[in-house]
Amino acid sequence: TSSVILRILCFTVPLTTFYQGCQGTLKAGGAASTIIVWNIVGPWVIRIPIAFSMIKLIESGALYNTFYPYLSNLPFAETVLTSGITGLMLGFFTDYTARSIAYGIRLLKGKWLYSSL
C-alpha cells in the first residue's frame with residue numbers, strides 16, 4: 001500500500017507546491033479569510049465525500065471492472081484499482097486541486113495586494 005501512496009503523490013507534488021505557495025502568499029498579503037474558509041470547506045465538502053465514494057466503488061469492484069481493461073499493461077494497475085487507500089488519496093488530490101484553483105484565482109485578481117493590514 002505504501003507504493004500506491006507514493007505513486008499517487010508523484011502526481012500531486014507539483015500541485016501541492018503551487019497550493020502551499022499560493023496559501024503562504026495570501027496569508028502574508030492579508031487574505032487569510034480565504035484560507036480559513038477553504039480549510040473548513042475543503043475537507044467536509046470535497047475530500048471526505050469523494051474519498052468515501054471512491055472507497056465504496058473500490059470495495060464493490062466497479063472501479064476495477066471499469067478501468068482495468070485500459071490500464072492492464074501497467075504493472076501497478078491492479079494494486080491501485082483494488083486498494084482503498086487510492087480512494088483516500090484521490091480525495092486529497094481533488095481537495096488540493098480545488099484549493100489550488102481557488103487560491104490561484106484569488107491571487108490573479110490581485111485584491112490582496114491592496115489590503116490594509
Side-chain angles (χ1 to χ4, degrees):
T1 57
S2 61
S3 63
V4 172
I5 295 170
L6 291 175
R7 287 183 180 123
I8 294 173
L9 282 177
C10 77
F11 294 108
T12 63
V13 167
L15 183 66
T16 304
T17 306
F18 177 75
Y19 154 74
Q20 290 174 343
C22 290
Q23 185 178 17
T25 304
L26 288 173
K27 281 181 188 176
S33 61
T34 304
I35 309 301
I36 292 169
V37 168
W38 274 99
N39 281 339
I40 294 169
V41 169
W44 292 105
V45 175
I46 299 171
R47 187 183 307 171
I48 293 171
I50 288 177
F52 181 78
S53 303
M54 292 302 296
I55 289 170
K56 288 298 179 187
L57 283 173
I58 290 168
E59 285 178 352
S60 70
L63 197 68
Y64 180 81
N65 294 333
T66 304
F67 290 107
Y68 189 72
Y70 305 109
L71 302 173
S72 60
N73 295 337
L74 300 174
F76 56 85
E78 187 171 349
T79 307
V80 170
L81 295 174
T82 58
S83 175
I85 197 75
T86 301
L88 180 67
M89 294 307 293
L90 287 173
F92 275 111
F93 178 72
T94 307
D95 182 23
Y96 286 158
T97 301
R99 289 184 193 205
S100 295
I101 291 168
Y103 294 166
I105 290 170
R106 181 87 163 118
L107 279 174
L108 288 176
K109 285 185 179 178
K111 292 180 185 176
W112 60 277
L113 290 169
Y114 306 106
S115 67
S116 59
L117 296 175

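Index from 1, following the sequence. Just the heavy atoms: all of them, side chains too, but no hydrogens, waters or symmetry mates, feed the values below.
Atom CD1 of I35 and atom CG of L26 lie 4.5 Å apart (nearest 0.5 Å). Rounding to the nearest 0.5 angstrom, the gap separating the CG atom in L88 from the CD1 atom in I58 is 9.5 Å. The distance from the CD atom of Q20 to the CG atom of L15 is 10.0 Å, given to the nearest 0.5 Å. Between atom NZ of residue K56 and atom CG of residue L63 there is a gap of 14.5 Å, rounded to the nearest 0.5 Å. Distance CG/D95 to OG/S100: 9.0 Å, rounded to 0.5 Å. Distance check: M54 CE to L90 CG gives 5.0 Å after rounding to the nearest 0.5 Å.
Nearest heavy atoms, I46 versus A98: CD1-CB, 3.6 Å. Taking both residues in full, the closest heavy atoms of Y103 and C22 are given as CB-CB, 3.6 Å, listed atom of the first, atom of the second, then distance. Residue I50 comes nearest to G91 through the heavy atom pair CG2-CA, 4.0 Å, listed as atom of the first residue, atom of the second, then distance. Residues R106 and A31 approach most closely at NH2-CB, 3.5 Å, considering heavy atoms. Taking both residues in full, the closest heavy atoms of P49 and P43 are given as CD-O, 4.1 Å, listed atom of the first, atom of the second, then distance. Shortest non-hydrogen contact noted between P69 and N65 is CD-O, 3.6 Å.
Classification of the Y96-F92 ring pair by plane angle, with boundaries at 30° and 60°, yields tilted.
Looking at heavy atoms from C-beta onward, Y19 lies in side-chain contact with Q23 at the 4.5 angstrom threshold. No side-chain heavy atom of V13 sits under 4.5 Å from any side-chain heavy atom of T16.
Under a hydrophobic clustering in which Ile, Leu, Val, Met, Phe, Trp and Tyr are joined whenever their side-chain heavy atoms come within less than 4.5 Å, directly or via other members, M89 and I48 fall into different clusters. I101 and L107 are assigned to two separate hydrophobic clusters, defined by single-linkage of ILVMFWY side chains at heavy-atom distances under 4.5 Å. Residues F18 and W38 do not share a hydrophobic cluster, clusters being chains of Ile/Leu/Val/Met/Phe/Trp/Tyr side chains in contact below 4.5 Å. Side-chain heavy atoms closer than 4.5 Å link hydrophobic residues (I, L, V, M, F, W, Y) into clusters, and following such links, possibly through other members, connects L74 to F93. No path of Ile, Leu, Val, Met, Phe, Trp and Tyr side chains, each step under 4.5 Å between heavy atoms, connects F52 with L57, placing them in separate hydrophobic clusters.
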